[in-house]
There are 2 protein chains.
Amino acid sequence: MTTNGPATAAPRGRPRNAAVDRTVIDTVLRLIADGASIGDLTMEGIAREAGVGKATVYRRWPGKDALLLDVLTAVDSPPPLGCRSGDLRHDLILAIDYIRRRSLAKRESALMRSMVTQMESSPELWKRYHDTVVAARRRMLTSLLEDAVTSGQIRPELGADLDLLTDMVVGPVLARATLRPDAPLPDDLAERVVDTLLEGMRPRD
Amino acid sequence: MTTNGPATAAPRGRPRNAAVDRTVIDTVLRLIADGASIGDLTMEGIAREAGVGKATVYRRWPGKDALLLDVLTAVDSPPPLGCRSGDLRHDLILAIDYIRRRSLAKRESALMRSMVTQMESSPELWKRYHDTVVAARRRMLTSLLEDAVTSGQIRPELGADLDLLTDMVVGPVLARATLRPDAPLPDDLAERVVDTLLEGMRPRD
DNA sequence: ACGATACGAGACGGGGCCGTATCGTAAAGC
DNA sequence: GCTTTACGATACGGCCCCGTCTCGTATCGT
């Protein structure tokens with residue numbers, strides 16, 4: 001502790017330009033959205049593309065990993081659906097449609113694809129992405145399904161594995177967005193997924 | 001055409017060692033399985049890791065892209081389930097369990113993750129993977145579902161979008177394998193997915 | 001005005017990969 | 001035996017990135 005006060009003391013000299021942080025982070029997201037993989041990114045290339053001195057980047061982040069960690073936290077997932085109507089069908093459709101709309105955003109889908117590849121080689125990066133984005137979405141759905149089981153809107157025996165139910169809800173949209181980027185994500189996709197899931201594929205006598 | 005016969009004439013000099021081809025391709029698959037992304041792979045590193053001269057690799061493939069194309073075709077997906085019992089539930093379980101077992105193989109899942117990231121930057125590579133692996137699996141499932149619609153084992157109105165049904169069948173397993181490598185893929189996963197899909201989540205009165 | 005820090009630009013030595021070429025050796029046909 | 005091609009090893013010039021450092025300039029607190 002070298003500071004003399006609780007407010008981290010007074011900085012002297014010219015203050016840092018906060019806009020530079022955002023420009024660099026935005027540049028990284030843009031490069032990823034344009035098809036660059038994590039391995040393609042270089043500190044030098046990022047600085048060049050951002051129109052920023054290389055030293056300026058190194059002044060903020062010690063290396064590519066630290067920069068990418070900040071990029072991930074900057075992907076602000078706005079609180080994924082806090083409201084809850086109580087009607088399972090309605091709430092499920094809202095939740096899935098949120099993921100569907102997110103998957104339509106080129107930045108988010110490209111970022112997800114990049115992170116998925118990096119989970120082995122940079123587990124720290126993957127953990128951050130998982131905790132920030134993946135886990136947040138799952139939590140929302142799992143609690144939604146849990147309440148539906150207790151309120152009798154879902155067969156009780158299915159409540160034994162909410163994890164599986166969650167995967168069955170998000171799986172279709174994610175699989176389409178991840179593995180078939182050319183396939184459409186039509187407006188009524190969420191609605192149709194939910195209706196089929198709730199009613200089942202088999203004829204109801 | 002410089003050959004003088006239909007059998008590509010007679011090669012002179014020392015013949016190529018076919019084992020080298022396999023060694024190199026296996027090395028690439030191993031590196032990918034060990035966490036390397038496509039961008040991390042280098043012709044020099046591959047040759048070094050394979051215990052092979054760099055010139056020997058270049059003698060067979062003009063560059064990394066060509067080598068990777070051969071790697072993809074070497075991932076022989078054995079004919080995905082040609083048999084068909086006629087019982088939708090049974091056949092679906094077999095098909096999904098095939099994908100589940102494939103996802104448990106480290107090589108295959110790592111390769112899929114890598115390809116998913118490369119789809120933007122190297123569309124040719126992605127197309128090969130998609131046609132070889134993804135499309136083959138989908139075809140199997142879509143025709144399975146199609147027959148089930150005509151035989152009345154699936155509600156007729158769902159037959160309007162077999163593509164969606166296919167995504168709902170493969171989605172859960174793929175989502176779990178892709179986005180949650182730490183989550184288990186238990187033996188009875190396919191069975192439970194199919195049962196929930198066929199019966200629906202809602203209580204049947 | 002002055003010292004301190006930030007900025008864009010770019011030089012710098014070091015290192016890795018690129019694709020090619022050159023070794024000496026090995027394995028085939030003639 | 002001679003030619004031809006393949007092989008592992010390695011050297012080569014070129015390129016790009018690394019992380020640090022030095023410029024000249026700009027912007028803050030004092």
Side-chain angles (χ1 to χ4, degrees), chain A residues 2-5 7-28 31-32 34-71 118 121-122 125, chain B residues 2-5 7-28 31-32 34-71 118 121-122 125:
Chain A
T2 66
T3 66
N4 52 1
T8 321
R12 311 205 312 166
R14 175 177 174 178
R16 289 193 183 169
N17 185 354
V20 170
D21 296 66
R22 291 191 300 271
T23 303
V24 171
I25 289 179
D26 276 4
T27 302
V28 173
L31 289 175
I32 291 178
D34 286 350
S37 67
I38 304 294
D40 295 333
L41 296 178
T42 66
M43 294 292 270
E44 196 153 354
I46 291 169
R48 189 190 318 128
E49 205 67 22
V52 147
K54 191 161 49 157
T56 302
V57 180
Y58 276 105
R59 191 176 295 120
R60 287 167 164 79
W61 298 279
K64 193 170 74 173
D65 289 355
L67 168 55
L68 287 177
L69 279 178
D70 264 18
V71 168
Q118 291 298 315
S121 47
S122 18
L125 211 56
Chain B
T2 65
T3 67
N4 52 0
T8 323
R12 310 209 311 169
R14 176 177 173 178
R16 289 192 184 170
N17 184 353
V20 170
D21 296 66
R22 290 193 299 270
T23 302
V24 172
I25 290 180
D26 276 4
T27 300
V28 172
L31 290 175
I32 292 179
D34 286 350
S37 67
I38 304 294
D40 295 332
L41 296 178
T42 66
M43 293 292 270
E44 197 152 353
I46 292 169
R48 189 190 319 128
E49 204 68 22
V52 146
K54 191 159 56 153
T56 302
V57 180
Y58 276 106
R59 192 175 293 121
R60 288 166 165 76
W61 298 280
K64 192 168 73 172
D65 290 354
L67 168 55
L68 288 177
L69 280 178
D70 263 19
V71 169
Q118 291 298 315
S121 46
S122 19
L125 212 55

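This one's a predicted model, so the numbers in the text were calculated from it and none came from an experiment. Proteins come first, then strands; the chains are lettered A, B, ... in the order of their sequence lines, and each starts at number 1.
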- Message: Between A:Arg12 and D:dG29, is there a contact of a side-chain N or O with OP1 or OP2 at under 4.0 Å?
- Response: no
- What is the distance from CZ of A:Arg16 to P of D:dG29, rounded to the nearest Å? 16 Å
- Message: Testing the basics here: between A:Ser121 and B:Gly35, what is the closest heavy-atom pair and its distance to 0.1 Å?
- Response: CB-O, 3.3 Å
- For A:Thr23, all residues meeting side chain to side chain contact (heavy atoms under 4.5 Å, CB included), sequence neighbours excluded: A:Thr27, A:Ala50
- Message: Tell me which residues in residues 51-63 of chain B lie within less than 4.0 Å of DNA chain C, going by non-hydrogen atoms.
- Response: B:Lys54, B:Ala55, B:Tyr58
- Query: A:Asp65: what forms a side chain to side chain contact (heavy atoms under 4.5 Å, CB included) with it, not counting sequence neighbours?
  - Reply: none
- Item | Set of residues satisfying side chain to side chain donor-acceptor pair (under 3.5 Å) with respect to B:Asp40, sequence neighbours excluded | B:Ser37
- Pairwise distance CD1(A:Ile25) to CG(A:Leu67) - rounded to 0.5 angstrom: 7.0 Å
- Query: Does the side chain of B:Ile38 reach to within under 4.5 Å of the side chain of B:Ile32, using non-hydrogen atoms?
  - Reply: yes
- Considering all heavy atoms, the nearest B:Trp61-B:Asp70 contact: NE1-OD2, 2.9 Å
- Quick one: list whatever passes salt bridge (Lys or Arg N to Asp or Glu O under 4.0 Å) with B:Lys64, sequence neighbours left out. none
- Query: For A:Arg60, which residues count as a salt bridge (Lys or Arg N to Asp or Glu O under 4.0 Å) partner, sequence neighbours excluded?
  - Reply: A:Asp21
- Rounded distance (Å) that lies between atom P of D:dG8 and atom CG of B:Asn17: 8 Å
- Toward the 5' end of DNA chain D, by each residue's nearest nucleotide, B:Gly13 or B:Asp21: B:Gly13
Quick one: which protein N/O atoms are closer than 3.5 Å to N/O atoms of nucleotides 24-26 of chain C? Pair and distance per line, please.
unit_1 : atom_1 : unit_2  : atom_2 : d
C:dA26 : N3     : B:Arg14 : NH1    : 3.2

- Contacts of B:Asp34 meeting salt bridge (Lys or Arg N to Asp or Glu O under 4.0 Å) (sequence neighbours excluded), chain-then-number -> B:Arg30
- d(CD, A:Glu49; C1', C:dG8) in whole Å: 16 Å
- Query: Residues two or more places apart in sequence or in another chain: which of them pass side chain to side chain donor-acceptor pair (under 3.5 Å) with B:Asn17?
  - Reply: none
- Task: Applying side chain to side chain donor-acceptor pair (under 3.5 Å), name anything that partners A:Ser122, two or more places apart in sequence or on another chain.
- Result: A:Gln118
Got a list of protein N/O to nucleotides 14-17 of chain D N/O distances below 3.5 Å?
unit_1 : atom_1 : unit_2  : atom_2 : d
D:dC17 : OP2    : A:Arg48 : NH2    : 3.0

- Message: Once rounded to the nearest 0.5 Å, what's the spacing between atom CG of A:Leu41 and atom CD1 of A:Ile46?
- Response: 5.0 Å
- If you write DNA chain D from 5' to 3' in dot-bracket form, with Watson-Crick or G-U pairs under 3.5 Å, [ ] for crossing pairs and | for pairs with another strand, what do you get? ||||||||||||||||||||||||||||||
